[in-house]
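What follows is one structure encoded as structure tokens, with my remarks underneath.
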Amino acid sequence: MKNKLEQLKDEILKRLNEIKDSSALRDLEVKYLGRKGELTNILRSLADLSIEEKKVVGRISNEIKQELMLRFNEVKAIIEGKESDKGFIDVTLPATKIKNGHLNPITLLQNELEDLFTSMGFMILDGPELESDFYCFEALNIPKTHPARDMQDTFYIDKRNKNGELDMVMRTHTSPVQVRAMQKYGAPFRGIVPGRAFRCEATDAVHEHTFVQMEGLMVGENISITNLIAVMKELLNGVFGKEMEVRVRPGYFPFVEPGFELDIRCTICGGPGCPSCKHSGWLEILPAGMVHPKVLEYGGIDSKKYTGFAFGLGLTRLAMMKYGIGDIRNFNGGDLRFLEQF
Ligand code: FA5
């Protein structure tokens with residue numbers, strides 16, 4: 001049996017070396033390795049051998065089969081290569097469609113807002129996502145022991161300063177760029193800062209651990225709440241292309257005085273309430289206020305001469321309202337059925 005197998009192997013290898021095209025190769029494969037092929041038949045007849053013989057011959061025949069299959073594949077690759085070289089290209093065939101990627105809805109909205117704000121003379125700024133405790137809290141009038149730190153669940157980085165304190169954080173908001181911008185550009189100043197913010201949230205339909213905000217800051221002589229309201233109106237009318245129903249309530253942020261929250265009527269349910277607006281009919285989108293004198297001073301700006309307003313738009317939430325997206329987790333979910341709608 002062993003000899004028979006070796007003979008057959010030599011015969012197949014010899015014939016394989018003579019093969020010239022893929023149809024002859026297919027025939028050869030069927031003849032020897034196919035379901036009713038000669039090698040397959042021999043392998044089937046192993047059943048009649050004793051257990052001891054089966055062990056030895058079984059191993060040899062499997063090795064031979066593996067070797068032959070490998071060789072068949074090599075010859076196949078060579079022949080296919082030669083055949084395709086000889087082939088011609090039919091230029092009239094439809095081309096393979098190249099799939100274009102596209103922008104995430106948050107980026108689309110960010111681009112729109114950048115256009116809108118540059119048309120009003122605002123600069124577009126960037127800032128570090130890994131931020132110091134100083135710029136994220138301290139310079140925004142939130143000292144270390146202040147309870148306002150509890151308003152934003154923070155990811156602290158496991159790195160201590162020389163006093164043994166954790167002093168680097170994934171920024172919880174884009175507001176740290178307020179003081180950075182004032183220190184760099186002074187007054188008068190107007191700018192926006194679109195960017196990611198990070199919070200240690202238990203996520204739900206409107207809370208993500210990573211989301212996009214857009215800070216706005218305008219500092220100058222005689223800047224008042226009237227300027228702030230005018231800019232906010234421009235912003236919302238620009239995004240929604242119509243007058244939006246809004247409400248303003250007092251809001252506490254240590255870095256503004258006075259501070260307030262601007263909510264818009266929920267565009268998902270239109271008012272009666274749904275999970276996206278926590279069944280209130282309104283969605284908190286735009287906290288804002290007049291920059292606290294202490295923050296101006298941290299920025300190196302004379303608070304007796306200059307005033308300013310700031311806002312912290314929740315860009316991800318605004319995108320939910322603009323595009324009618326009921327759950328914030330869709331943005332980072334990576335589901336193409338969601339992303340391909342934009
Ligand atoms: C702030 O982050 C302040 N820095 C905003 C500010 C800037 C106030 C300048 C005054 C002056 P707040 O924590 O409310 O505030 O967040 C601002 C907006 O970000 C919210 O209105 C909301 O739209 C959005 N936001 C906050 N947390 C989340 C979250 N976990 N997921 C998605 N969006 C969020």
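First listed ligand is number 1; within each ligand, the first listed atom is number 1. The figures here come from the full heavy-atom set of this structure, side chains too, leaving out hydrogens, waters and symmetry mates.
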Notebook entry, point to check: Any chance the side chains of Gln110 and Glu114 put a donor and an acceptor closer than 3.5 Å?
Noted result: yes

Next item on the list: Would you kindly specify which portion of Gln213 sits under 4.0 Å from ligand 1, judged on non-hydrogen atoms: side chain, backbone, both or neither?
Entry: side chain

Notebook entry, point to check: To the nearest 0.1 Å, how far is atom 24 (C) of ligand 1 from its closest protein heavy atom, and which atom is that?
Noted result: Gly314 CA, 3.8 Å

Note to self: Is it true that, when you exclude Asp153 itself, more than 12 heavy atoms of the residues, nucleotides or ligands shown sit nearer than 6.0 Å to its CG?
What the structure shows: yes

Next item on the list: Give the residue, atom name and distance (to 0.1 Å) of the protein heavy atom nearest atom 15 (O) of ligand 1.
Entry: Phe253 CE2, 3.4 Å

Margin query: Hydrogens and angles aside, do Glu53 and Ser50 bring a side-chain donor and acceptor to less than 3.5 Å of each other?
Written below: yes

Next item on the list: Could you verify whether a donor N or O on one side chain and an acceptor N or O on the other, from Glu297 and Ser303, lie under 3.5 Å apart?
Entry: yes

Next item on the list: Look at atom 22 (C) of ligand 1 and say which protein heavy atom is nearest, naming residue and atom and giving the distance to 0.1 Å.
Entry: Arg317 NH1, 3.4 Å

Check: Counting from 1, what ligand 1 atoms have a heavy atom of Gly312 closer than 4.0 Å?
Finding: 5 (C), 6 (C), 7 (C), 9 (C), 17 (C), 18 (C)

Next item on the list: Give yes if a backbone or side-chain nitrogen or oxygen of Ser175 is under 3.5 Å from a nitrogen or oxygen of ligand 1, and no if not.
Entry: yes

Item checked: Atoms of ligand 1 close to Phe255 [distance to a heavy atom under 4.0 angstrom, numbered from 1] -> 3 (C), 4 (N), 6 (C), 7 (C), 8 (C), 9 (C), 10 (C), 11 (C)

Notebook entry, point to check: Could Lys322 and Glu112 be called an ion pair, given the rule that one side-chain N must be under 4.0 Å from one carboxylate O?
Noted result: yes

Check: Got the closest protein heavy atom to atom 25 (N) of ligand 1, with its distance?
Finding: Phe211 CE1, 3.5 Å

Item checked: Protein contact to atom 5 (C) of ligand 1 [nearest heavy atom, distance to 0.1 Å] -> Pro287 CG, 3.7 Å

Note to self: My understanding is that we take every heavy atom of each candidate and find the minimum distance to atom 2 (O) of ligand 1. Doing that for Arg199, Glu215, His207, which one comes out nearest?
What the structure shows: Arg199

Check: Can you tell which of Glu261, Gln152, Glu208 gets a heavy atom nearest to atom 1 (C) of ligand 1?
Finding: Gln152

Next item on the list: Give a yes or no on whether Asp115 atom CG has more than 12 heavy-atom contacts from other residues, nucleotides or ligands under 6.0 Å away.
Entry: yes

Notebook entry, point to check: Would Arg160 and Glu165 pass as an ion pair if we require N to O under 4.0 Å?
Noted result: no

Next item on the list: Between Phe311 and ligand 1, find which residue part has any heavy-atom pair under 4.0 Å and reply side chain, backbone, both or neither.
Entry: backbone

Margin query: Before we go on, tell me: are the rings of Phe134 and Tyr298 under 6.0 Å apart, centre to centre?
Written below: yes

Notebook entry, point to check: Are Asp204 and Arg329 close enough for a salt bridge, meaning some N to O gap below 4.0 Å?
Noted result: no

Checklist line | Any Val206 heavy atom less than 4.0 Å to ligand 1 | finding: yes

Notebook entry, point to check: Below 4.0 Å from any atom of ligand 1, is there a heavy atom belonging to Val256?
Noted result: yes

Item checked: Distance from atom 20 (C) of ligand 1 to nearest protein heavy atom, with residue and atom -> Glu284 OE2, 3.4 Å

Notebook entry, point to check: Would a 4.5 Å heavy-atom cut-off, applied to side chains only, mark Tyr185 and Leu125 as touching?
Noted result: yes

Item checked: 4.0 Å heavy-atom contact, Gln178 with ligand 1 -> yes

